[in-house]
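Accompanying notes for the structure given below.
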Amino acid sequence: MATIRQAINETIERVRIPTPTRLRDLIRQIRAARTAAEERAVVNRECAYIRSTFREEDSVWRCRNIAKLLYIHMLGYPAHFGQLECLKLTASPRFTDKRIGYLGAMLLLDERQDVHLLITNCLKNDLNSPTQFVVGLALCTLGAIASPEMARDLAGEVEKLMRSPNAYIRKKAALCAFRIIKRVPELMEIFLPATRSLLNEKNHGILIAGVTLITEMCEKSSDTLNHFKKIVPNLVRILKNLILAGYSPEHDVSGVSDPFLQVKILRLLRILGHNDPDASEAMNDILAQVATNTETSKNVGNTILYETVLSIMDIKSEGGLRVLAVNILGRFLLNSDKNIRYVALNTLLRTVHADISAVQRHRSTILECLKDPDVSIRRRAMELSFALINSQNIRAMSKELLVFLEKADPEFKAQCSSRMVHVAERYATSIRWRLDTLLSVLIAAGNYVRDDVVSSTIHLILNSPPEEQAYIGIRLWSSVHNVANSEEKQPLLQVAVWTIGEYGDLVLSSERIEDVELPAEHQLVDIYQRLLWSTSVSTTTKQYALVSLAKLSTRIRSKEEETRVKQIIDAFGSHLNIDLQQRGVEFAQLFRDYSHLRPALLEKMPKMQKTLPNGTDGDGGGVFDDQQPTIDLIEGGDDGDTSLMINTGNSVVGVGKVGSDSRALLDLLGGGDDPIDGLGLTPTADVLISGSTTTNGKSTVGGGLPPPASNNQDLLDLLGSLDMPASTPPAAVNTTISTPSLGGIGLDLNSLNDNSIRNGGITPIGGQPNLLANSSSFGGLDNLLNSNLSPTTTTTSAVMPSSMPVLSGLGSSPLGGLGSLTSPTSPTGVLTTGSTGGLFSDFSAAVINNNDEHAKVLTALDKNGILVQLSAKHTGGSLQILMTATNNSLTTLEQYLFQAAVPRSFALQMLSPSGSTLPPGGTITQEMRVTSTAKATLRMRLRISYQSDGNPVQEQTEVTGFPEEPTE
């Protein structure tokens, strides 16, 4: 009676409420819209109507409205306001309502929405429904939107359904378990007992679901993988039955029995047999049967064969089986379907290292794929071709790849040329063949060649024998001279001009090769003139050419051509490009004042070892020639400093080294207004180099090291708030210091341009030879680096001990009158001067000590057992200060370092300390001299650092109360 009453009420409601638009009518209206605006109008009107029905709690047409809302959602319009209505439909007892409700829940809900938690109870009720289709709806929804919390709550219900007698429910439950394990792998153990029983099913749907579930479990857990290795015989039996089974219309697809199940089983076998000889042995026979009995005329058969090949290559299969798999891929390469050809190339590329000899049999087919119109196939064929190259087929494969390189798209040329250089270096049969190959690569790839190809080619030419250098020089000249549009091959031009410039004498004097005419000197110069005047040649190539032309001037004998070279170089002295202009100006000097140095400066490069990225030397052949004097400008070393090193034979003279922190300090304090060649020193700076050390049996001049970079990192903190008024830098003082046995060399950067250096202005002491005066290499350095500096006229000779530090405080000049902060570490030596006005001439006075009755003793630091006192006394117009550090503790103090800074109106000079280690009761002394450039009160900021029991200690203090300068 109640049912009849409910039906009557629903009928009355349908009559009272107007019937909403049906879904098919809404679709028809939307499709009839001519513009996007019309479509939005239809959708907005319908959404407004659906909202109104939701507010009125219309339960009669809720299902139809949700269906229309889902279609609107599929079009990309917002439909979130229907989420709660979907939940109401899932709670409905009617199956049609539940179907739309669960579909809406899968589309509109996800775990980011808190609303989805409200559906958990409804899902649990429907999982226990007696109707299989309701259970199926709940399982599908759970698998689609299950959050970790929902999965944990309902995993037990799903595991029970996997044991259901209903095949439909078991299949749905297995797929739901697969989705749950994917989201929450730790729930895997719950499903293990029920999963294995799924393989005993006859229903193919349950088998596919079970195999999929086992595959996911094995991929997620190695323990589960070992557990399921026992099912390999079962899988082999199922696969064998599929192959030998007769025609079954229920599972037949293009003559193949259930290919989907076969593919799933083959994939699971691949996972179970990986690195397992026993499991691989059990499946070898069935894989061979699948590979030989599967029809290849249809795409379904190719799918099974592809999965079979992957399984064979991934397990510990027999050698014959691997050859069979490669042959299957070879047949794929002959297929007319480009997708199958691409799959074959991609698979061969992944498996080529497993059995390269079997892949080599299909080399001709692979090379044919280089001509395929599809760009993806050409790319894979190129990569596979390089993988097949070895020492036996390098010549044949290179010939084919060079043909491909000539006609390849620009996107292939860079990668192909670099790999050609790599394989030629690895498998080259002779140097000449390798040179010819690299030349062909440069010609074929044009401007798409990467920089590594240019550098590798130059490196190979550099380390080749002279006859090969002459050969490749002639070939390169012929290429540049005869090849059309050679300007479009900038890397070729760069290698060509470099080679001709280095080995022009060999090119001009070599024998004729093949059909190439030997060039005359004027022809070589003509080539350079054409390239340098061409507007289509890049700046980088012109840089190569200009340096090469300067070198070529020392290789030719004709004075007329040498004059032409000079005119070409002179023309670049006013070039708009600053780099080319600089090169033109510098090289032009070599034709004027320093023509006698030109052959030595522009001699051939020595052979080099190729340095790999990891810092090891490659096998490029050749080593550095240590016997030839060379000049290296080393910039930006590991410590961020800039050094100018003069290498003369086995001795290295360090001309200057200024840390990046010091350069920043100079800029901040105004002392670096006029840096010399980027070294951060003013033209008035005197850089002192001293000390002699022996390393590996070689004497190194200037072995004393400058203060570590770490000591200069906090210079600004040390200077603090000292008064630093602007002042005029002191005048330039050129101090030349000579040492016995070249123990130390004092060299002013300004003096690089002084004729006194070139003429032997550095006086040898004790009959020692003057390396700097006799070095032709050094003679040209002043022009190339410091030709703009004016020579100085004041020189002072002094004798400096070998213990003098490398940068003895940097003098006062670098800081432009500020004074300096120094941290010498070498032991103090006796300093004698040969004339007045020397850099440290005032230190020849009597040594100051703390017992001097005229000296004022100031205590700078008395802490932790260390006492630092300063004994100050005015002598000869300057303030002489003796620092004495005494260790009153019971611990040895190591790496003692004393640093000082004064205001800019004072200049500070420091000698080396007497040591760097303070034993208990021991002392360290260090002398300083302070001169005043303006009337001001002296304040000295000190920083004292040392190590006590391995722990670094740093103290900072400020000292005042120094004695005033006496007035006359």
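What you see below is based on every heavy atom in this structure, not just the backbone, and it leaves out hydrogens, waters and symmetry mates.
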> Given Asp276 and Lys229, is the salt bridge (charged side-chain N to carboxylate O under 4.0 Å, His left out) satisfied, shown in steps?
Replying inline: CA-CA 9 Å; Asp276 190 333; Lys229 284 188 177 181; 2.9 Å; yes
>> Please evaluate residues Glu295 and Lys298 with respect to the criterion salt bridge (charged side-chain N to carboxylate O under 4.0 Å, His left out), reporting the C-alpha separation (whole Å), side-chain torsions for both, the decisive distance (0.1 Å), and the verdict.
In response: CA-CA 7 Å; Glu295 178 63 38; Lys298 299 293 178 64; over 6 Å; no
>> If you apply the rule side-chain contact (heavy atoms from CB on, under 4.5 Å), what do you find for Ile461 with Leu435, and how did you get there?
In response: CA-CA 8 Å; Ile461 297 173; Leu435 289 171; 3.8 Å; yes
>> salt bridge (charged side-chain N to carboxylate O under 4.0 Å, His left out) for Arg270 and Glu307? Distances and angles first, verdict last.
In response: CA-CA 9 Å; Arg270 179 167 81 249; Glu307 201 67 38; 2.6 Å; yes
> Run the salt bridge (charged side-chain N to carboxylate O under 4.0 Å, His left out) check on Glu186 and Arg152 step by step: do they pass?
Replying inline: CA-CA 10 Å; Glu186 56 266 25; Arg152 292 186 180 94; 2.9 Å; yes
>> Would His362 and Asn327 count as a side-chain contact (heavy atoms from CB on, under 4.5 Å) here? Give the steps.
In response: CA-CA 8 Å; His362 306 279; Asn327 290 340; 3.2 Å; yes
> What do the steps show when you test Ile389 against Leu401 for side-chain contact (heavy atoms from CB on, under 4.5 Å), and what is the final call?
Replying inline: CA-CA 11 Å; Ile389 292 179; Leu401 288 170; 3.7 Å; yes
> After noting the C-alpha distance and the side-chain angles of Tyr342 and Asp374, does the key distance pass the side-chain contact (heavy atoms from CB on, under 4.5 Å) rule?
Replying inline: CA-CA 9 Å; Tyr342 177 83; Asp374 188 275; 5.6 Å; no
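In Arg237, the CZ atom is crowded: over 12 heavy atoms of neighbouring residues, nucleotides or ligands sit closer than 6.0 Å. Atom CZ of Phe260 has 12 or fewer neighbouring heavy atoms from other residues, nucleotides or ligands inside a 6.0 Å radius. By the 6.0 Å contact criterion, CG on Asn226 is enclosed, its count of non-hydrogen atoms from other residues, nucleotides or ligands being greater than 12.
In this structure, CG in Asn302 is found 11.5 Å from CG in Asn339, a value given to the nearest 0.5 Å. Note that CG of Leu310 is 11.5 Å distant from CD1 of Ile315, once rounded to the nearest 0.5 Å. Atom CG of Asp314 and atom OG1 of Thr351 lie 10.5 Å apart (nearest 0.5 Å). Atom CD of Glu468 sits about 7.5 Å away from atom OG of Ser430, to the nearest 0.5 Å. Distance check, rounded to the nearest 0.5 Å: CG of Leu261 to CD1 of Ile238 gives 7.0 Å. Between the OG atom in Ser440 and the NZ atom in Lys399 there is a gap of 11.0 Å [rounded to 0.5 Å].
The two residues Ala344 and Leu329 have their closest heavy-atom pair at CB-O, 3.6 Å. Closest heavy-atom contact between Arg434 and Ala424: CD-O, 3.8 Å. In terms of heavy-atom proximity, Cys218 sits nearest to Leu225 at CB-CD1, 3.8 Å. Residues Pro491 and Val449 approach most closely at CG-CB, 3.8 Å, considering heavy atoms. Here the closest non-hydrogen pair linking Ser311 and Leu287 is CB-CD2, 4.2 Å. Annotation for Gly319 and Asp355: closest pair O-OD2, 4.5 Å, computed over non-hydrogen atoms.
In this structure a side-chain-to-backbone donor-acceptor pair under 3.5 Å is present from Ser197 to Ala194. Checked by atom type and distance alone, the side chain of Asp258 never pairs as donor or acceptor with a backbone atom of Asp252 at under 3.5 Å. Here the side chain of Ser417 pairs a donor or acceptor atom with the backbone of Ala414 at under 3.5 angstrom. Within the 3.5 Å criterion, the main-chain N or O of Asn299 finds a donor-acceptor partner in the side chain of Thr303. Checked by atom type and distance alone, the side chain of Ser221 never pairs as donor or acceptor with a backbone atom of Met217 at under 3.5 Å. Listed for the Asp126 side chain is no donor-acceptor partner under 3.5 Å among the backbone atoms of Leu137. Without hydrogens or angle criteria, Gln360 side chain to Leu388 main chain gives a donor-acceptor distance under 3.5 Å. A donor-acceptor pair is defined here as one N or O able to donate and one able to accept, closer than 3.5 Å; such a pair exists between the side chain of Asn393 and the backbone of Asn390. Formation of a donor-acceptor pair under 3.5 Å by the Thr292 side chain with backbone atoms of Gln289 is found in this model. Listed for the Asn335 side chain is no donor-acceptor partner under 3.5 Å among the backbone atoms of Arg331.
By the 4.5 Å heavy-atom criterion applied to side chains, Val158 and Phe191 are counted as neighbours. Side-chain contact between Thr215 and Val211 is present, with heavy atoms from C-beta onward closer than 4.5 Å. Side-chain contact between Glu250 and His204 is absent, with no heavy atoms from C-beta onward closer than 4.5 Å. A 4.5 Å side-chain heavy-atom check between Leu161 and Arg170 finds every atom pair outside the cut-off. Contact of the Lys264 side chain with the Thr212 side chain is registered, since non-hydrogen atoms from C-beta on lie closer than 4.5 Å. Using a 4.5 Å heavy-atom cutoff, the side chains of Arg378 and Asp409 are in contact. Taking 4.5 Å as the limit, every side-chain heavy atom of Val323 sits out of range of all side-chain heavy atoms of Val326. When side chains are defined from C-beta on, Thr429 does not count as touching Ser391, because their heavy atoms never get closer than 4.5 Å.
Remark: Glu219 engages Arg267 in a salt bridge, criterion side-chain N to carboxylate O under 4.0 Å. For the pair Asp372 and Arg341, the salt-bridge criterion is met [side-chain N within less than 4.0 Å of a carboxylate O]. Note on Arg179 versus Glu216: no salt bridge recorded, every NZ/NE/NH1/NH2 to OD/OE distance being 4.0 Å or above. Contact check on Lys171 versus Glu201 returns no salt bridge, with no Lys/Arg side-chain nitrogen under 4.0 Å from an Asp/Glu carboxylate oxygen. A salt bridge links Arg379 with Glu411: at least one charged nitrogen is closer than 4.0 Å to a carboxylate oxygen. A salt bridge does not link Glu383 with Arg419: every distance from a Lys NZ or Arg NE/NH1/NH2 to an Asp or Glu carboxylate oxygen is 4.0 Å or more.
A donor-acceptor pair shorter than 3.5 Å can be found between the side chains of Gln132 and Asn166. With no hydrogens or angles considered, no side-chain donor-acceptor pair links His227 and Asp223 at under 3.5 Å. For the 3.5 Å distance criterion, the side chains of Asp436 and Tyr471 qualify, holding a donor opposite an acceptor. A donor and an acceptor atom, one from each side chain of Asp278 and Ser280, are nowhere located under 3.5 Å apart.
Ring-centre distance between Tyr168 and Phe133: below the 6.0 Å cut-off.
With Thr457 as the partner, the side chain to side chain contact (heavy atoms under 4.5 Å, CB included) test is satisfied by one option alone out of Thr499, Leu442, Ile472, Asp452: Leu442.
With sequence neighbours excluded, the residues satisfying ring-ring contact (aromatic ring centres under 6.0 Å, His included) with Phe404 are Phe412.
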